Protein chains: 2
Amino acid sequence: MSDTMLHNEVTTDTETQIKLAARKIFLQKGLAGTRLQEIADEAGIGRTALHYYFRSKEKLFAVVWKDFFGELASRMPDLSADNYTIVEKMQLFAGHYIDDAMQKPEVDLFLLNEFNKNPALFQDIQNMLQKDFYQYFKAGIADAVKRGEMKGNPEQIFLTFLSSCMFPFAAMGMIKSLLNLSDEAYLKLMKERKQYLIDFLATAFKG
Amino acid sequence: MSDTMLHNEVTTDTETQIKLAARKIFLQKGLAGTRLQEIADEAGIGRTALHYYFRSKEKLFAVVWKDFFGELASRMPDLSADNYTIVEKMQLFAGHYIDDAMQKPEVDLFLLNEFNKNPALFQDIQNMLQKDFYQYFKAGIADAVKRGEMKGNPEQIFLTFLSSCMFPFAAMGMIKSLLNLSDEAYLKLMKERKQYLIDFLATAFKG
DNA sequence: GTCTATATATGGATAGAC
DNA sequence: GTCTATCCATATATAGAC
């Protein structure tokens with residue numbers, strides 16, 4: 001309680017430790033699968049002390065979820081410049097996405113699960129990147145279709161595009177089993193996938 | 001205990017009821033997320049009575065998992081005939097896959113989760129469809145690449161192919177939120193996707 | 001303000017009633 | 001053979017100790 005501690009706390013204070021621990025466990029196990037005990041152990045704190053800092057498991061999850069989503073914006077490169085074609089923007093996005101996902105491959109399946117179980121979570125982040133992200137690409141794709149540069153329903157094209165980025169990470173466990181890959185071999189495959197996807201996107205939707 | 005009941009039991013006996021209930025709940029919630037109470041309620045039986053029919057939760061899951069996988073073989077059309085090109089085989093598979101997945105769209109995310117959490121589950125079904133399924137398509141794609149009919153790494157092509165079939169169902173919740181779709185609109189989009197994918201696969205990997 | 005002892009609920013499994 | 005009363009472990013949350 002000394003005055004000297006008042007505004008000097010670094011990012012290693014208890015509250016931050018808890019947030020980091022919670023983030024790690026929630027990402028691995030999801031909301032329902034996470035036990036507060038695990039978070040407490042990871043944070044090096046007593047189990048019930050968590051309730052002092054965050055009233056409940058749901059409250060803690062809500063905080064982590066918001067932090068987490070702000071950070072996810074890094075998967076969205078700056079596409080505001082008009083001197084890119086929609087295909088180039090898709091290539092840019094795919095490249096950024098894979099670079100980022102390779103650092104935290106658990107994120108993709110986590111997102112699918114939490115959105116699936118709790119659609120309300122989407123409301124929380126409407127103002128962040130998601131809604132714009134879809135409308136942005138859909139409009140660009142629709143334009144390209146009109147000009148005859150792409151073939152097919154813009155919604156379907158968008159889904160195929162998103163699938164090709166997200167699925168290989170969301171399905172990490174299945175892919176490792178199915179293709180019989182070690183952790184290293186899997187990461188190598190994902191690294192190769194960056195260039196593959198950029199090449200693929202250049203022509204895939206021309207029809 | 002009368003003799004008349006011995007071999008006459010239909011598929012509505014308690015054991016079958018439990019299996020059906022377990023299948024439904026496990027698919028929705030996964031192994032870890034499922035509470036035996038829910039299965040018991042769904043089956044109209046006491047909670048602890050489950051232990052009489054199936055010794056433990058894991059045993060019950062194992063039974064359901066096997067049944068479930070046998071049934072999944074329906075997503076694999078007969079591709080043995082040699083008079084199909086690999087592209088035609090991919091189109092056939094995609095069509096069957098979407099028809100089947102529309103009947104039970106929870107299956108895809110369930111599979112991703114269970115394979116991710118428990119790689120050992122894969123061993124159980126090695127003799128069924130999966131291993132062959134991958135090697136089969138990979139070999140066909142590699143041949144097409146050699147002949148110059150396709151461009152790119154066969155593994156990446158396979159991943160993109162699988163992504164385009166599986167992801168739209170695995171990400172159902174996210175897609176409904178992101179595209180702002182009702183249940184009906186989502187199913188309509190998936191129905192359209194069948195023809196879209198068949199058209200897409202015809203040219204997507206030509207490079 | 002920070003954390004712990006304790007309460008309450010719920011999950012799964014066993015032993016044994018009918 | 002079928003199901004229930006009960007046990008034990010674990011989960012979250014509160015009240016209160018320091």
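Numbers restart at 1 for each chain; the letters A, B, ... are given by sequence-line order, proteins then strands. Nothing here was measured: the structure is a model prediction, and the numbers come from that model. Both backbone and side-chain heavy atoms feed into the values below; hydrogens, waters and symmetry mates do not.
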Colleague: Do A:Q37 and A:D41 meet the criterion of a side-chain donor-acceptor pair at a distance under 3.5 Å?
Modeller: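 Yes, side-chain donor-acceptor contact under 3.5 Å.
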Colleague: What is the distance, to the nearest angstrom, from the CZ atom on B:F61 to the C1' atom on C:dG12?
Modeller: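 From B:F61 CZ to C:dG12 C1': 17 Å.
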Colleague: Could you check whether the rings of A:F169 and A:Y186 sit parallel, tilted or perpendicular, using 30° and 60° as the cut-offs?
Modeller: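 Perpendicular, since the angle between the ring planes exceeds 60°.
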Colleague: Between B:H51 (NE2) and D:dT4 (P), how many Å, whole number?
Modeller: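 Atom-to-atom, B:H51 to D:dT4, this comes out as 13 Å.
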Colleague: Hey, what do you get for CZ (A:R193) to CD (B:Q156), rounding to the nearest 0.5 Å?
Modeller: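 That separation rounds to 5.0 Å.
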Colleague: In terms of side-chain geometry, is the basic nitrogen of A:D67 or A:R23 positioned less than 4.0 Å from the acidic oxygen of its partner?
Modeller: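 Salt bridge between A:D67 and A:R23, a charged N being under 4.0 Å from a carboxylate O: no.
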Colleague: Main chain of A:M174, side chain of A:S177: is a donor-acceptor contact present, judged purely on distance under 3.5 Å?
Modeller: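 Answer holds: no.
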Colleague: Could you tell me the separation between the CG atom of B:D13 and the C1' atom of D:dT2, rounded to a whole number of Å?
Modeller: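 My rounded result for the distance is 13 Å.
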Colleague: Output the single nucleotide from D:dT14, C:dT14, C:dA13 whose closest atom is nearest the side chain of B:R55.
Modeller: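 Nucleotide nearest to B:R55's side chain: C:dT14.
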Colleague: Could you state the atom-to-atom distance from CD of B:E58 to P of C:dA13 in whole Å?
Modeller: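 For the pair B:E58 CD and C:dA13 P, the rounded distance is 6 Å.
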Colleague: C:dG11 C1' sits how many Å from B:I25 CD1, rounded?
Modeller: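 Value for this atom pair: 16 Å.
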Colleague: Could you give the distance from NZ (A:K138) to CD1 (A:I157), rounded to the nearest 0.5 Å?
Modeller: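 Those atoms lie 12.0 Å apart.
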Colleague: A:Q37 has an atom CD; how far is it from atom P of D:dA13, in whole Å?
Modeller: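 Whole-Å distance recorded here is 14 Å.
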Colleague: Rounding to an integer number of Å, can you tell me how far A:I18 CD1 sits from C:dT2 C1'?
Modeller: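 The answer, rounded to whole Å, is 11 Å.
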Colleague: Polar atom pairs between nucleotides 16-18 of chain C and protein, under 3.5 Å, N or O only, would you list them?
Modeller:
none

Colleague: Apply side-chain contact (heavy atoms from CB on, under 4.5 Å) to the pair A:K29 and A:K24, showing each step before the final yes or no.
Modeller: CA-CA 9 Å; A:K29 315 260 176 124; A:K24 180 176 172 184; over 6 Å; no
Colleague: Can we call the ring centroids of B:W65 and B:F122 under 6.0 Å apart?
Modeller: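 Here the rings of B:F122 and B:W65 have centres that are no less than 6.0 Å from each other.
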Colleague: Quick test: give all pairs of protein nitrogen or oxygen and nucleotides 3-6 of chain C nitrogen or oxygen below 3.5 Å, distance rounded to 0.1 Å.
Modeller:
from	atom 1	to	atom 2	distance (Å)
C:dC3	OP2	A:Y53	OH	2.1
C:dA5	N6	A:T48	OG1	3.1

Colleague: When A:F158 is tested against each of A:F93, A:F133, A:F205 for ring-ring contact (aromatic ring centres under 6.0 Å, His included), which residue passes?
Modeller: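 The option that passes is A:F133.
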Colleague: Expressed in angstrom and rounded to an integer, what is the separation of B:L36 atom CG from D:dT10 atom C1'?
Modeller: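 To the nearest whole Å, that distance equals 15 Å.
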